[in-house]
Amino acid sequence: MSDSEDNVPLAQKFHNDSNSSVRSTSAVDSDEDMPLAAKLSAINNGNAAPQDIAYIKQEPADSSDDELPLAVKLKAGGINRANDASMPLKQEPLDGNDSDSDVPLSTPSSSVESTSKKRKLPKADRQADKLKKRAVKTEKKAVKKENGASSRRGGGRSKADKMDVDVKEEEVKVKVKKQEEEADGDAEDNEHRWWLNQDRDASVKWTTLRHNGVLFPPEYKPHGVPLIYDGKEVVLEPAAEEVATFFAQVLHMDHATNPVFQKNFFSDFLKILGTCKKPTPIKRFDKCDFSRIAEYFEQEKERRKQMSKEELKAIKEEKLAIEEKYAYCMLDGRKEKIGNFRIEPPSLLRGRGAHPKTGCLKSRIMPEQVILNLDADAPVPPPPPGHQWGGIIHDPTVTWLATWKENVNNSTKYVFLAANSSIKGQSDMNKFEKARELKTCIDKIRREYTRDLKSRTLQICQRATAMYLIDRFALRAGNEKGEDEADTVGCCTLRYEHVNLVPPNRVCFDFLGKDSIRYYREVEVDTQVWKNLKSFKASPKKSGDPLFDQLTTATLNRHLSSLMPGLTAKVFRTYNASHTFEKELEKTPRNTSVAEKVLAYNRANREVAVLCNHQRAVPKRHDDQMLRVSNKIKAIKYLRWRAKRELLQLNPKVKKSNPKLVAPESDLEEEWCIEYEDSLIKKEYEKANLKVEKLKEKVKSEGGPAPTDGAVQAILDKAKEYEERVLSERKSGQLEVKRAVTEEKLKEAIAKLSERIVAAKSEMIDKDENKATALSTSKINYIDPRITAAWCRAHDVPLTKMFNATLRDKFRWAMDVDATWKF
DNA sequence: ACTGAGACTTAGCACACGACCA
DNA sequence: TGGTCGTGTGCTAAGTCTCAGT
């Protein structure tokens with residue numbers, strides 16, 4: 001049986017093969033013949049050889065993208081969003097119909113106790129009714145899960161007998177007391193090493209949970225800055241001013257020019273204006289000018305910048321003091337950090353891609369809408385004065401502390417624990433353990449789906465093909481989406497137009513995935529897969545039709561879990577990411593500097609990010625930066641060319657004995673050199689003038705005799721001398737060689753300059769290849785942290801180089817492995 | 001079998017902040 | 001000292017997947 005080590009995802013294989021030549025950054029730059037340099041110049045000229053271009057052809061040949069034609073665009077691609085110019089924004093007709101009216105802003109609600117212990121359920125109240133249902137559900141769920149868990153543990157209970165509540169509560173009390181004692185006695189080192197003592201029953205998440213509720217955003221403080229409407233100032237009432245301010249705050253972003261955003265915003269803005277006492281003249285968006293409000297906030301920001309350190313510190317401390325109360329909870333007697341304890345403030349929805357509801361007003365959440373989850377004996381935190389909580393529940397089968405409904409998408413929001421908490425840590429660890437479990441049966445699963453690719457049952461054939469794509473190209477499952485969401489797809493929702501077939505066995509994927517990030521890849525696939533895709537696209541199917549019409553994520557996942565308990569589509573992404581990473585890390589050079597090892601690590605990280613299509617917006621100043629580094633390289637080359645010419649003047653025989661050493665600089669145009677020299681001359685004069693100014697200033701402030709004309713002239717003469725020397729050298733073609741300079745010294749200088757050129761070039765390539773790739777997502781979510789911990793041990797690299805403090809804290813559970821640990 | 005709600009993970013963006021450099 | 005740049009952090013949108021209800 002072949003080992004699964006060989007089963008590196010295709011995407012990665014292609015990527016490695018085509019990319020290997022870029023990798024030689026540590027070799028000494030002998031000259032421009034170097035692959036690196038050749039590559040760079042080819043890239044710079046926009047005509048990189050096909051073999052230099054990774055398999056991922058990001059853009060069609062006729063793409064209108066006229067950014068720097070650099071390698072990474074071809075490799076990882078810039079972010080391509082539905083609303084990019086290259087892809088016209090699909091505009092949905094909007095009726096401005098949102099659901100704010102459903103929000104029970106002032107529901108007279110009372111706390112609802114939902115444990116088996118005591119129940120006081122108010123009637124008639126919709127929300128309370130919902131809570132009641134939830135409470136019943138919670139109880140059922142807990143009983144069911146408990147039974148499931150005990151049978152999984154091999155317990156004899158098979159029937160959902162009603163739990164003996166008193167006994168259970170007694171157990172809980174004993175457990176809590178024990179935990180409190182442990183916490184007391186362990187005050188010095190109270191780190192809870194849950195990973196050493198894993199309880200496999202994950203259905204009950206906690207026994208006690210206490211917290212102080214949630215932090216609400218401050219009330220709106222009106223600023224009184226007018227909106228300019230049709231050229232006239234309009235001072236708005238606070239409620240309307242607040243909404244106008246939300247728009248002013250996104251004025252510098254792309255949202256502000258997105259027509260859907262504008263339309264949704266304005267529709268909600270008009271609604272708010274309609275509730276104002278005084279009628280306003282505001283009727284049309286295009287007559288609104290929010291810039292005065294934006295300027296006001298710009299000034300405020302500036303004012304903040306001007307504040308003294310003490311003032312800023314005081315503000316920060318005050319803020320921290322308020323937050324401290326809400327930032328932590330007590331979970332099973334231990335203090336744990338809460339993630340998002342703040343209720344989301346009202347704002348305009350910033351949807352990604354072509355979101356039909358982007359720009360809609362997310363209304364302010366009131367305490368009456370917030371339900372808290374606490375243990376049954378926990379004191380209920382006081383709601384803000386004059387308010388009531390939307391409800392109190394006691395559900396130990398869930399991990400959230402508070403929840404509310406958001407009005408735009410009608411989605412549920414939660415307050416969860418922070419990433420470094422035991423609950424999140426455990427589920428993180430379980431996730432990676434599940435992926436490792438997949439490793440043990442991946443060969444079998446691959447054999448099975450390869451066989452099924454030929455199945456005559458269409459459903460099985462489609463399922464196998466989808467599995468192949470998910471496994472090999474790290475596609476997401478692709479659930480169905482609603483009408484009022486951006487049109488993005490995953491594997492199961494791919495449509496006819498997302499897949500182009502190029503005979504004999506190439507497939508070009510082009511679709512918008514999660515967050516409307518474009519997935520554009522041309523890959524080679526198994527011949528059978530190619531044939532299958534062709535048949536799935538066969539007539540009468542046309543653009544807009546689903547590719548996998550017999551498949552849903554539900555049926556796919558049901559099948560997957562029959563192959564391995566708990567296996568779902570997303571496990572493949574985790575598995576392939578971690579596996580790829582571990583394989584790539586094996587290339588880490590031994591007996592080299594830490595810096596080179598770190599480079600190898602980051603490369604492996606990048607492979608995973610490319611595999612998972614983790615992209616980021618190209619930094620705004622990226623092109624500037626590239627140009628600057630490129631000029632820096634030319635400047636060094638200019639110095640090297642001078643050194644070479646000096647060497648030739650000293651010893652003309654070098655040309656024959658070592659022609660390579662004094663070969664002309666390949667891409668150093670004369671025109672550029674002249675410009676550069678002129679800029680150097682200019683700088684010399686500027687420097688001289690500055691020196692004179694300083695001298696005069698000094699005399700002014702410290703007294704003493706004024707500098708003589710001669711002294712001033714001497715300074716200026718130096719610049720003049722420099723200019724004359726450059727001009728004369730230019731005219732004669734001969735350089736002025738300093739007397740002390742020897743042949744040896746020049747050779748040394750040339751070598752050093754060459755090294756600097758190599759370093760600058762690899763820095764440039766590295767930066768450019770990374771411009772559109774986000775490494776952090778894979779590091780945080782897909783790569784088993786134990787691989788990193790083991791690698792650091794094995795290669796004697798400090799962990800701090802790879803994981804920042806936050807990640808070290810999040811992955812505490814993974815840090816104890818030894819150097820030989822394998823994923 | 002289908003649907004929608006609920007609970008949780010994954011994701012990129014904006015911004016603050018501090019290091020570094022000229 | 002001011003500008004640039006990279007990194008860390010907070011934020012919240014957008015996925016995945018399960019389960020209850022029908």
So, OP1 or OP2 of [N]: does either fall under 4.0 Å of a side-chain N or O from [X]?
| X | N | answer |
| --- | --- | --- |
| A:Asn479 | C:dG15 | no |
| A:Gln625 | C:dG6 | yes |
| A:Arg342 | C:dC11 | yes |
| A:Arg573 | B:dA11 | yes |
| A:Ser776 | C:dG8 | no |
| A:Arg350 | C:dA13 | no |
| A:Lys767 | C:dG6 | yes |
| A:Arg628 | C:dC5 | yes |
| A:Lys362 | C:dA13 | yes |
| A:Lys514 | C:dA13 | no |
| A:His614 | B:dA11 | yes |
| A:Thr412 | B:dG6 | yes |

- Indicate whether the side chain of A:Thr403 and that of A:Lys413 have a donor and an acceptor atom separated by less than 3.5 Å. no
- Message: Under a plain distance cut-off of 3.5 Å, with no hydrogens placed, do A:Thr399 and A:Tyr414 share a side-chain donor-acceptor pair?
- Response: no
- Note on the structure: Contacts of A:Arg812 meeting salt bridge (charged side-chain N to carboxylate O under 4.0 Å, His left out) (sequence neighbours excluded), chain-then-number -> A:Glu191, A:Asp809
With a 4.0 Å cut-off on heavy atoms, is [X] in touch with a base, just the backbone sugar-phosphate, or nothing at all?
| X | result |
| --- | --- |
| A:Thr488 | sugar-phosphate |
| A:His255 | nothing |
| A:Gly478 | sugar-phosphate |
| A:Tyr782 | sugar-phosphate |
| A:Ser427 | sugar-phosphate |
| A:Arg304 | nothing |
| A:Ile780 | nothing |
| A:Lys620 | nothing |
| A:Ser347 | nothing |
| A:Ala486 | nothing |

- Does the side chain of A:Leu512 come within less than 4.5 Å of A:Asp487's, by heavy atoms? no
Measure [atom1]/[X] against [atom2]/[N] and give the value in whole Å, please.
| X | N | atom1 | atom2 | result |
| --- | --- | --- | --- | --- |
| A:Asn407 | C:dA13 | CG | C1' | 14 Å |
| A:Asn340 | B:dC8 | CG | P | 13 Å |
| A:Lys357 | C:dA13 | NZ | P | 12 Å |
| A:Leu807 | C:dT7 | CG | C1' | 12 Å |

Can you identify which nucleotide, out of [options], has its nearest atom closest to the [X] side chain?
| X | options | answer |
| --- | --- | --- |
| A:Lys413 | C:dC5, C:dA13, B:dA7 | C:dA13 |
| A:Lys301 | C:dT4, C:dA13, B:dA16 | B:dA16 |
| A:Glu344 | C:dC17, B:dC15, C:dA13 | C:dA13 |
| A:Thr777 | B:dC8, C:dT12, B:dG12 | B:dG12 |
| A:Arg476 | C:dT16, C:dC17, C:dT12 | C:dT16 |

- Message: In this structure, is the centre-to-centre distance between the rings of A:Phe581 and A:Tyr601 below 6.0 Å?
- Response: yes
- Query: Do the two ring centres, one from A:His614 and one from A:Tyr782, sit under 6.0 Å apart?
  - Reply: yes
- Do the ring planes of A:Phe811 and A:Phe803 sit parallel (below 30°), tilted (30 to 60°) or perpendicular (above 60°)? tilted
- Item | Polar pair under 3.5 Å, donor/acceptor by atom type, side chain A:Lys570, base B:dT10 | no
- Query: Between A:Lys431 and A:Thr552, who's closer to the 5' end of DNA chain B by nearest nucleotide?
  - Reply: A:Thr552
